[in-house]
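Worksheet for the structure shown next.
Keep in mind the model is a prediction, meaning the values are calculated, not measured. Only heavy atoms go into these numbers, but all of them, side chains included; no hydrogens, no water, no symmetry mates.
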Amino acid sequence: MLRPAIIEDAEATGSIRVSAWRAAYQQFMPSNCLAELDPLHNLGALRERLAAPKKKLWFTCAAVNGAVVGFSMVGAPRSDTLAGHAEPG
């Protein structure tokens, strides 16, 4: 099921983010760098985002039997970009 992310999803999305980085970048980054990735890094900032969602940020979780198994975050770019473009999270 896809649903809007809530504050309680912060830790699960952090773990998923780190797992995805480790899988995607294992051929391109030193293993010690990937091993040092912390699922709790930026947890406070993520919780703040989820507590006060902005209209220009769409944060969605995929859940199976109530457990978060994936997420997507898309929003307005944090820096200048071409008109009509978005920045994936």
Which donor-acceptor pairs under 3.5 Å do the side chains of residues 34-44 make with protein atoms, sequence neighbours left out?
| residue | atom | partner | partner atom | Å |
| --- | --- | --- | --- | --- |
| D38 | OD1 | L40 | N | 2.9 |

Q: Mind running salt bridge (charged side-chain N to carboxylate O under 4.0 Å, His left out) on E11 and R47 for me, showing each step along the way?
A: CA-CA 9 Å; E11 287 188 37; R47 285 185 174 141; 3.0 Å; yes

Q: Run the numbers on V68 and R3 for side chain to side chain contact (heavy atoms under 4.5 Å, CB included), then give the verdict.
A: CA-CA 10 Å; V68 176; R3 59 168 175 73; 3.6 Å; yes

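W58 and F71 fall into different hydrophobic clusters, where Ile, Leu, Val, Met, Phe, Trp and Tyr residues are linked whenever their side-chain heavy atoms come under 4.5 Å apart, directly or through other members.
The two residues D9 and C61 make their nearest non-hydrogen contact at OD2-SG, 3.5 Å. What you find for I16 and V69 is that their closest heavy atoms are CD1-C, 3.6 Å. The shortest non-hydrogen separation linking L50 to A5 is CD2-CB, 3.6 Å.
A perpendicular orientation is assigned to the rings of Y25 and F28, their planes being inclined by more than 60° (bins at 30° and 60°).
Side chains of T13 and F59 form a contact here, defined as non-hydrogen atoms less than 4.5 Å apart.
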